[in-house]
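Reading through the structure tokens given below for one structure.
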Amino acid sequence: MNHPYHFKLHKTISALGVVLVAMLLSCTSCSRKNTTSSMSNIDSVTVDATLQALGKAHPGTDLARAERSIPQLAALWTAEDGTPEQFQSFCLEHFVADTAALWRMAQTLQANLESLWGCFNKISVDLKLPLHVVGPEPTALDEMFGGFDPSAHFDDDMFQQKIAFVVVLNFPFYTLDEKNSMGAQWSRRQWAYARLGDLFTSRVPASANQQLANQLAAADNYISNYNIMMGQLLDDKGNRLFPDMALITHWGLRDELKTHYNEGDSGLVKQRMIYQVMRRIIDQSIPQCVINNAQYSWNPYSNTLVDAQGHKQDNPDREPDTRYQYFLDNFHAMQQVDRFNPRYPTAIARAFDQDMEVSYDEIEQLFTSFLSAPEVGEVAHFIEQRLGRKLEPFDIWYDGFKSRSTINEDELTAKTQRLYPDREAFATKGMPSILKQLGFTADKTQFICSHVTVDPSRGAGHAWESNMRSDNARLRTRIGQNGMDYKGYNIAVHEFGHNVEQTVTLHDVDNYIMKGVPNTAFTEALAFVFQSRDLDFLGYKNNDNAKESLETLDIFWGCYEIMGVSLVDMYSWRWLYDHPDATVQQLKEQVIAIAQQVWNKYFAPYLGEENSTILAIYSHMIDSPLYLPNYPYGHIIQFQLEQQLRGKNIADEIMRIYPAGRLTPQHWMRHAVGSEVSTKPLLAAAAQALGKVK
């Protein structure tokens, strides 16, 4: 995954969108209980007088920009910033009417922002190293430093220095609807101006930003150290089904489950045991002492323990709803930020309208229409035929459409450990090999690889961008004592896709303020493009005539699974905003109930077992609030992107598409593939693929 701190930093230091006076009393359907109000001391009379004074100071100048920006500035100006008279004087002094001078201002801002944001990001990377990278066990002091947000005071400082006011005054904010309707006619410079106008929406106190950073760091640390010792799992006969290995939840458990689809009944027994472990984690009946601890053997069916001396324990102490306490604490930390965001007054509004630049309602409709499509049942029936049995809940992770499903994972691991015994081997041999196979030139390959640092990860793995051109992006994956196993390699290939996007969209975008992609889904899309070719990069070529059809069905089934998970996340947050005083017990009960409701409506008809809770297992719900919807959105984009890449030089297409930078999603997609984001191409292709493979 693309690490959440990448977007946490971006949200903290470039809160998108400046408030219009007329918008201060508005609210979204998902935030109707928010009571944010304006603290401005500037009224409409002062705004009108200021505009008139500007007209006199700059006769003959088109003041349409000022007519938009001055009301926005007024909404952010408080009594502490100055009197109405001082407000007017500030506008007269700092409004830039000359177009050449305005461009020079934009260039100065971008250069200084790169220095600030880049250093903030580098400090965060350095302070979190003990928490994220393999080494000595983190101390309490390490965790305290890891939770420190060096950018927490950025907004405060920018407003106190009145730099934020200069930006708002000269680069007005445009709503998402305006960007979507007007952006097609904008030049690249106009887009850069619009993104500068996105910088300051609110005045969130540093204390609230720091509290949120601390909470997200604590949740991330909890998840990064949530391992299940697979060699200690017992069935009802006391048999151990797995070798000694520590698998992080949920990623490691899920990926292990996927590996057993080519083992017949013996693999099915293992999958059912992993599913049972997941159920224990979700309902928090998992014994506390088996988490990240190999001192006990555990039967997840009977929920009994055997200690190192062979003594059986029938009623072990369960994990005390810790999972849901972190979820609730995330919500409360977000609430502290909500109060200072009149334009985006909830975490939901910020996740969708601000960060994704796609509305909650649009995403929900996109997902539910896909989940309700008749093609879902047809693909499920086809998988059932392939397995020769009725589907079970864990078959949401059916992996049989991939080439690797026919290859024993031990064989794959033997090869990856031989090729990549340590991080240096992947950095110096693996990454260049991948880029060359995709068609990158030798110079571009060397450039990209020289800007990516590989680290052994404590957690499942992540990619962390650089925010300045003199720094490197980071690739983290699990690397064992014997080298990089196949799971670690597969993650590394995914994260390298992120790193390639991060490097290209930092160094090859024309304006620094336009760096990056429209939202997380677009970097996930390229990561999926890389990950889907992981076996190709190892030299396993699939010449099957059905390969293309099977790849389509694989993306389709992946969308089906992750859309359900995303709806659980979305509905849980919506419930929290409707019940802000909920206890941790109430939250746990509701998340489980929501997971069951989504399951029963969209999954039980095809995968059996009413009231399965499996959709609530994802760790992202705990350490990356409202991140999950980016995955299915990314899969949809990936499919449309793959169609565009077919038959073309992939490297050339990446270098054509990704330097467009941070347009809005629909403008980016029209540039990339000639059409907007839609599930229709994938649904149509899935139906066609079924016809071929059957």
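When reading the values below, keep in mind they use all heavy atoms of this one structure, side chains included, and skip hydrogens, waters and symmetry mates.
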Would you call [X] and [Y] a side-chain contact if the rule is heavy atoms closer than 4.5 Å?
{"X": "Phe426", "Y": "Thr416", "value": "no"}
{"X": "Tyr658", "Y": "Asp508", "value": "no"}
{"X": "Asp355", "Y": "Thr520", "value": "no"}
{"X": "Ser124", "Y": "Pro150", "value": "yes"}
{"X": "Tyr344", "Y": "Asp353", "value": "yes"}
{"X": "Phe496", "Y": "Leu435", "value": "yes"}
{"X": "Pro456", "Y": "Val133", "value": "yes"}
{"X": "Leu412", "Y": "Asn490", "value": "no"}

If you compare all heavy atoms of [X] against all heavy atoms of [Y], which two are closest, and at what distance to 0.1 Å?
{"X": "Ile657", "Y": "Gln644", "value": "CD1-CG, 4.4 Å"}
{"X": "Ser532", "Y": "Glu642", "value": "OG-OE2, 3.5 Å"}
{"X": "Gln502", "Y": "Ala473", "value": "OE1-CB, 3.6 Å"}
{"X": "Val565", "Y": "Leu628", "value": "CG1-CD1, 3.6 Å"}
{"X": "Asn209", "Y": "Ala152", "value": "ND2-O, 3.5 Å"}
{"X": "Trp668", "Y": "Gly661", "value": "CD1-O, 3.3 Å"}

If you count the non-hydrogen atoms of other residues, nucleotides and ligands that lie under 6.0 Å from [atom1] in [X], is the total more than 12?
{"X": "Lys122", "atom1": "NZ", "answer": "no"}
{"X": "Lys680", "atom1": "NZ", "answer": "no"}
{"X": "Met144", "atom1": "CE", "answer": "no"}
{"X": "Phe447", "atom1": "CZ", "answer": "yes"}

So, taking the atom named [atom1] in [X] and the one named [atom2] in [Y], what distance separates them when rounded to the nearest 0.5 Å?
{"X": "Phe352", "Y": "Glu362", "atom1": "CZ", "atom2": "CD", "value": "11.0 Å"}
{"X": "Cys559", "Y": "Phe370", "atom1": "SG", "atom2": "CZ", "value": "5.0 Å"}
{"X": "Phe639", "Y": "Phe528", "atom1": "CZ", "atom2": "CZ", "value": "14.5 Å"}
{"X": "Leu131", "Y": "Glu137", "atom1": "CG", "atom2": "CD", "value": "10.5 Å"}
{"X": "Thr249", "Y": "Ile223", "atom1": "OG1", "atom2": "CD1", "value": "7.0 Å"}
{"X": "Ser566", "Y": "Leu366", "atom1": "OG", "atom2": "CG", "value": "11.0 Å"}

Side-chain donor or acceptor of [X] paired with backbone N/O of [Y] under 3.5 Å:
{"X": "Thr259", "Y": "Glu256", "value": "yes"}
{"X": "Asp554", "Y": "Asp399", "value": "no"}
{"X": "Arg458", "Y": "Asn221", "value": "no"}
{"X": "Asn519", "Y": "Met356", "value": "yes"}
{"X": "Lys515", "Y": "Thr505", "value": "no"}
{"X": "Gln640", "Y": "Ser678", "value": "yes"}
{"X": "Arg423", "Y": "Val454", "value": "yes"}
{"X": "Lys487", "Y": "Asp255", "value": "no"}
{"X": "Gln666", "Y": "Asn180", "value": "no"}
{"X": "Ser115", "Y": "Ala111", "value": "no"}

Measure up the [X] and [Y] rings against each other and bin them: parallel (under 30°), tilted (30 to 60°), perpendicular (over 60°).
{"X": "Tyr512", "Y": "Trp117", "result": "tilted"}
{"X": "Trp464", "Y": "His132", "result": "tilted"}
{"X": "Trp186", "Y": "Tyr174", "result": "perpendicular"}
{"X": "Phe171", "Y": "Tyr193", "result": "tilted"}
{"X": "His250", "Y": "Tyr618", "result": "tilted"}
{"X": "Trp557", "Y": "Tyr560", "result": "tilted"}

task: Check step by step if side-chain contact (heavy atoms from CB on, under 4.5 Å) holds for Lys179 and Phe173.
output: CA-CA 10 Å; Lys179 289 187 182 82; Phe173 166 73; 4.0 Å; yes
query: Which is it for Leu682 and Phe556 under the side-chain contact (heavy atoms from CB on, under 4.5 Å) test, yes or no, and what are the steps along the way?
result: CA-CA 7 Å; Leu682 179 54; Phe556 179 94; 4.3 Å; yes
Distance-only polar pair, side chains of [X] and [Y], donor-acceptor under 3.5 Å:
{"X": "Gln437", "Y": "Ser433", "answer": "yes"}
{"X": "Asp149", "Y": "Gln210", "answer": "no"}
{"X": "Thr664", "Y": "Glu357", "answer": "no"}
{"X": "Trp191", "Y": "Asn511", "answer": "no"}

Residues Asp510 and Arg188 bridged, charged N to O under 4.0 Å: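 Salt bridge present between Asp510 and Arg188.
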field: NZ/NE/NH1/NH2 to OD/OE distance under 4.0 Å, Asp652 and Arg656
entry: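 The answer is no: the pair does not qualify as a salt bridge.
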message: Show, in sequence, the C-alpha distance, side-chain angles and deciding distance for His462 and Arg476, and conclude whether the side-chain hydrogen bond (donor to acceptor under 3.5 Å, both in side chains) test is met.
response: CA-CA 5 Å; His462 63 258; Arg476 273 81 181 262; 3.0 Å; yes
- request: Mind running salt bridge (charged side-chain N to carboxylate O under 4.0 Å, His left out) on Asp471 and Arg474 for me, showing each step along the way?
  value: CA-CA 10 Å; Asp471 193 17; Arg474 269 74 177 177; 3.1 Å; yes
query: Could you go step by step and tell me if Glu409 and Lys258 meet the salt bridge (charged side-chain N to carboxylate O under 4.0 Å, His left out) rule?
result: CA-CA 10 Å; Glu409 185 167 342; Lys258 288 181 178 182; over 6 Å; no
task: List the steps, then state whether side-chain contact (heavy atoms from CB on, under 4.5 Å) holds for Arg350 with Val337.
output: CA-CA 10 Å; Arg350 293 190 293 279; Val337 176; 4.0 Å; yes
- prompt: Out of Asp410, Asp534, Thr413, which one pairs with Tyr486 under the side chain to side chain donor-acceptor pair (under 3.5 Å) rule?
  reply: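 Only match with Tyr486 under side chain to side chain donor-acceptor pair (under 3.5 Å): Asp534.
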- prompt: Considering the options His494, Gln638, Glu524, Glu495, which one meets the side chain to side chain donor-acceptor pair (under 3.5 Å) requirement together with Gln531?
  reply: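 Testing Gln531 for a side chain to side chain donor-acceptor pair (under 3.5 Å) against His494, Gln638, Glu524, Glu495 leaves exactly one candidate, His494.
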- request: Show your working on side-chain contact (heavy atoms from CB on, under 4.5 Å) between Ile654 and Leu526 and close with a plain yes or no.
  value: CA-CA 9 Å; Ile654 289 173; Leu526 191 59; 3.8 Å; yes
